[in-house]
Amino acid sequence: MDVSSGRERTETGQPGATASAPLVPRDERRRYAAAGFLIGLVNLVLMMTLLEPASLARLTFLLLALLTLTAVPMRPLTGAVAYLVLWVVLLRFPGPYADDVAITHAALFFFLGRFLPLRAALCLGAAVPLATVVLATPPTVVLYLFLLACTLPPGALLRRRESTLRQEISAGEERLEAVRAEVAREMHDLVAYSMSQTVLRARSAAADPSYPEDVRQELHAISATAADALHELRLVLRVLRRTQAGSTLEDPSATSQTVVVGLDAALQAVADDLSASGFSVTLRSTDEGECPRLQAVTLSRVAREMGSNIMRHGTTDQSVTITLAKETNQVCLVMTNGTSPNPAHDLPTSGTGLLGMRERLAAVDGSLSTREEDGSWTASAVVPLEPPPALSPEIPP
């Protein structure tokens, strides 16, 4: 049990984690315990070979010192008290030498500074020379005071440094959460509001019989596209506020009837948008079965970005080819279009489309490759059918 509190527990299972007493991760404690075991083993071998006689009593005390020292990183207070009790018994027991555990004393002092608050570490550390004064020869106290002064401060400094780093990380996370919340508020209050107005006005105009039929169809398409964009924006807002609310991203297909979830339907929607923009589109699909949902959603959004790039940079003089091929262990999406110094549509660009696609594909262990040759641009996205083991089941926004 740690000396700090015992009232709080974290994922490591060690009690007593507070702001002033940072909890060391279990894996790191195990490494320190292994180091303590090695130090105790080296001490045992040296003492039994260098000092005579090699009695059973000495061997027993050295083994017990090894075990209690190993326990200190895992249970600092309990292990330290057990070690000190063993030390007092050793001083009273005839046969073993007090100097047998000088090396393990040095390791103990370091562990006290590393794993316990400074006051507790000093009190427990001072018990070693104090017991020596009372129960053994006073000259030996100088050695233990020297070991205490040399090994406990480095452990305490390491503990202090870790506490400072944890506080800095916590402050940085709080600042990041504040920025995320501010961005979410601004996007909700400004962008989401404007998109909502666009959807409502487009739907209202599309339902007005005074407009020609072709105009109403275009307005209906604008309304559907704006509704899709509004839904995607709301998903992004949920992600931005996810850590605050402690919620997870809900199923996109359950929140809006206009959002395309199926991969074939998503590709058809991209093809229709390109056709409506004046491009000649050929859509080919060799996908004979259902694509896993995570891969399907990822490729759907990559396809949408590829289509946006074609609208921004492509030329209507050459046809656009969209090919979806499902193989045994992967799915490949390829789009090919013509390029021109004067694109068909003068649309604004962020310059981060390719980077965004690569990041989205990398999240499912996929890849993106591009090539420009003879006035033709080809973009290929490949994703494996099985997601990587460490991948969260949550759908990326």
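Owing to the predicted nature of the structure, the values given are computational and were not obtained by experimental measurement.
- The ring-ring contact (aromatic ring centres under 6.0 Å, His included) test applied to Y144 returns W87, H105, not counting sequence neighbours.
- No continuous path of ILVMFWY side-chain contacts below 4.5 Å connects V382 to L267, so the two sit in separate hydrophobic clusters.
- At least one donor-acceptor pair closer than 3.5 Å links the side chain of T60 to the backbone N or O of L56.
- Counting heavy atoms from C-beta outward, Y83 and L64 have side chains that stay 4.5 Å or more apart.
- Hydrophobic cluster membership is shared by L62 and L84, with clusters built from Ile, Leu, Val, Met, Phe, Trp and Tyr side chains linked at under 4.5 angstrom.
- If you chain together hydrophobic residues whose side chains sit under 4.5 Å apart, V320 and L354 fall into the same group.
- Looking at S223 and R203, their side chains do bring a donor and an acceptor atom within 3.5 Å of each other.
- Residues F279 and S319 form no side-chain contact, since every pair of their non-hydrogen atoms from C-beta on lies 4.5 Å or further apart.
- Taking all atoms of both residues into account, the shortest heavy-atom contact from M335 to A303 is CE-O, 3.6 Å.
- Nearest heavy-atom pair, G307 versus V270, reported as atom, atom and distance to 0.1 Å: CA-CG1, 4.0 Å.
- The line from CG of N43 to CG of D100 is 7.5 Å long, rounded to the nearest 0.5 Å.
- Looking at L299 and V331, their side chains come closer than 4.5 Å, going by heavy atoms from C-beta outward.
- Neither I169 nor V179 shares a network with the other; the hydrophobic side chains, linked directly or stepwise wherever heavy atoms of I, L, V, M, F, W or Y lie under 4.5 Å apart, form separate groups for each.
- Side-chain contact annotation: S210 with D208, donor-acceptor N/O pair under 3.5 Å present.
- Ionic pairing of R159 and E162 is not present here: no N-O contact between side-chain nitrogen and carboxylate oxygen is shorter than 4.0 angstrom.
- With values rounded to the nearest 0.5 angstrom, L324 atom CG is found 8.5 Å from C332 atom SG.
- For E168, the side chain to side chain contact (heavy atoms under 4.5 Å, CB included) criterion is met by T164, L165, not counting sequence neighbours.
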- Query: Given I222 and V199, is the side-chain contact (heavy atoms from CB on, under 4.5 Å) satisfied, shown in steps?
  - Reply: CA-CA 8 Å; I222 293 173; V199 172; over 6 Å; no
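- Side chain of R216 to backbone of Y211: no donor-acceptor contact under 3.5 angstrom is found.
- What you find for S376 and T339 is that their closest heavy atoms are N-OG1, 4.1 Å.
- In this structure, S275 contributes its side chain and A271 its backbone to a donor-acceptor pair below 3.5 Å.
- Applying the side chain to side chain contact (heavy atoms under 4.5 Å, CB included) rule to P292 yields the partners Q295, L385; only residues at least two apart in sequence or on another chain are considered.
- Hydrophobic clustering (ILVMFWY, side-chain heavy atoms < 4.5 Å, transitive): L38 and V101 are in distinct clusters.
- R360 and E305 are not joined by a salt bridge, as no carboxylate oxygen comes within less than 4.0 angstrom of a charged side-chain nitrogen.
- With values rounded to the nearest 0.5 angstrom, L148 atom CG is found 11.0 Å from L143 atom CG.
- Considering only heavy atoms from C-beta on, L361 stays 4.5 Å or farther from S367 through its side chain.
- Between the OG atom in S285 and the NZ atom in K326 there is a gap of 10.0 Å [rounded to 0.5 Å].
- Atom-to-atom distance recorded for F111:CZ and L152:CG is 12.5 Å, nearest 0.5 angstrom.
- Remark: the backbone N or O of T321 is not paired with any side-chain donor or acceptor of T336 at under 3.5 angstrom.
- For the pair R29/F115, a side-chain contact is recorded, criterion being any heavy-atom separation below 4.5 Å from C-beta on.
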- Evaluation steps, side-chain contact (heavy atoms from CB on, under 4.5 Å), between V383 and D365: CA-CA 7 Å; V383 295; D365 211 20; over 6 Å; no
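- Residues L86 and F61 approach most closely at CD1-CD2, 3.4 Å, considering heavy atoms.
- With R301 contributing its side chain and M357 its backbone, the two residues share no donor-acceptor pair below 3.5 Å.
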- Task: Begin from the C-alpha positions of R180 and R175 and carry the test side-chain contact (heavy atoms from CB on, under 4.5 Å) through to its verdict.
- Result: CA-CA 9 Å; R180 287 163 63 99; R175 290 193 295 269; over 6 Å; no
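- Two residues are said to be in side-chain contact when any heavy atoms from C-beta on lie closer than 4.5 Å; V72 and Y32 fail this criterion.
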- Item | Test log, rule side-chain contact (heavy atoms from CB on, under 4.5 Å), inputs F109 and V128 | CA-CA 10 Å; F109 296 150; V128 172; 3.8 Å; yes
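- When side chains are defined from C-beta on, T151 does not count as touching L112, because their heavy atoms never get closer than 4.5 Å.
- Residues N337 and G314 share a closest heavy-atom pair of ND2-CA, 3.7 Å.
- Rounding to the nearest 0.5 Å places CG of L283 at 8.0 Å from OG1 of T323.
- Looking only at distances, a side-chain donor or acceptor of T49 sits under 3.5 Å from a matching main-chain atom of L46.
- The nearest pair of heavy atoms linking A156 to L118 is CB-CD1, 4.0 Å.
- With contacts defined as side-chain heavy-atom distances shorter than 4.5 Å, the pair L147/C150 does not qualify.
- Q268 and D272 form a side-chain donor-acceptor contact under 3.5 Å, judged by distance and modelled atom types alone.
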